[in-house]
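All values reported here derive from a predicted model rather than from experimental measurement.
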Amino acid sequence: MLVHSESVRLPDGAELEMALWRVGAGRARYRLRYGRDGAWLVQYDNEAGRGDRRLVRARATRYEFKSVEQLRYDFERDIEVISDGGEAHA
């Protein structure tokens, strides 16, 4: 069951997408994405049986999900680093 979904085009032309689903017994699926010009630059998800993962500039790494608050903090931090022209944390 879809719990929350939001898609926003930011003033600078970037896109931000967030979705959260409840899939039963305290489990959730999520997808948070940030991108521009048709390319997702930052993505956090646990879809399609891949487990929790973090994707920054096409480089995928495992992500240790702790809480929704921590997920959102990590996601926003990566966006800030990307927007400032640097590389995100490893």
Side-chain angles (χ1 to χ4, degrees):
M1 170 172 66
L2 184 64
V3 175
H4 177 80
S5 179
E6 182 177 359
S7 183
V8 177
R9 180 172 297 275
L10 302 173
D12 66 358
E15 295 179 65
L16 182 65
E17 206 177 86
M18 294 183 214
L20 178 66
W21 299 267
R22 183 170 301 133
V23 293
R27 294 185 356 209
R29 290 221 185 262
Y30 61 87
R31 180 180 63 233
L32 291 82
R33 302 194 291 191
Y34 169 83
R36 66 176 65 249
D37 302 324
W40 296 115
L41 302 173
V42 178
Q43 180 170 322
Y44 283 69
D45 67 46
N46 66 347
E47 297 181 281
R50 288 185 294 244
D52 298 286
R53 74 174 187 145
R54 173 182 166 260
L55 185 72
V56 177
R57 290 192 174 149
R59 182 174 176 245
T61 57
R62 293 188 54 80
Y63 178 72
E64 184 180 343
F65 178 84
K66 295 177 183 171
S67 68
V68 171
E69 293 81 12
Q70 186 66 48
L71 171 68
R72 181 123 184 204
Y73 174 81
D74 292 340
F75 177 67
E76 290 173 357
R77 183 176 52 185
D78 280 346
I79 292 171
E80 185 176 319
V81 171
I82 292 285
S83 297
D84 289 342
E87 286 299 318
H89 68 282

Item to complete: Measure centre to centre between the rings of Tyr63 and Tyr44, then say whether the value is under 6.0 Å.
Response: yes
Worksheet, complete the sentence: Applying salt bridge (Lys or Arg N to Asp or Glu O under 4.0 Å) to Arg31 and not counting sequence neighbours gives Glu17, Glu47
Worksheet item: Taking atom CG of Leu10 and atom CD1 of Ile79, what is their separation to the nearest 0.5 Å?
Response: 8.0 Å
Item to complete: Could you grab the distance from atom CG of Asp52 to atom CD of Glu64, nearest 0.5 Å is fine?
Response: 9.0 Å
Discussion item. Using only atom types and a distance under 3.5 Å, with no angle test, would you say the side chain of Arg9 pairs donor to acceptor with the backbone of Ala14?
Written reply: no
Fill in: Step-by-step side chain to side chain contact (heavy atoms under 4.5 Å, CB included) determination, Met18 to Arg72
CA-CA 10 Å; Met18 294 183 214; Arg72 181 123 184 204; 3.8 Å; yes
Discussion item. Checking side-chain contact (heavy atoms from CB on, under 4.5 Å) between Val42 and each of Leu32, Leu16, Val81, Asp78, which is the one that passes?
Written reply: Asp78
Practice prompt. Without swapping roles, check the side chain of Asn46 against the backbone of Tyr30 for a donor-acceptor pair under 3.5 Å.
Written response: yes
Discussion item. To the nearest 0.5 Å, what is the distance between CD on Glu80 and OH on Tyr34?
Written reply: 11.0 Å
Fill in: Reported CZ-to-OG1 distance for the pair Arg53 and Thr61, which is rounded to 0.5 angstrom
9.5 Å
Worksheet item: Hey, any chance Trp40 and Val56 share a hydrophobic cluster, counting ILVMFWY side chains that come within less than 4.5 Å of each other, even indirectly?
Response: no
Worksheet entry | Rounded distance (nearest 0.5 Å) linking atom CD of Glu6 with atom CG of Leu20 | 12.0 Å
Worksheet entry | Heavy-atom closest contact (Arg22 atom, Val3 atom, distance) | N-CG2, 3.7 Å
Fill in: Gap between atom CZ of Arg36 and atom CG of Asp12 - 0.5 Å precision
4.5 Å
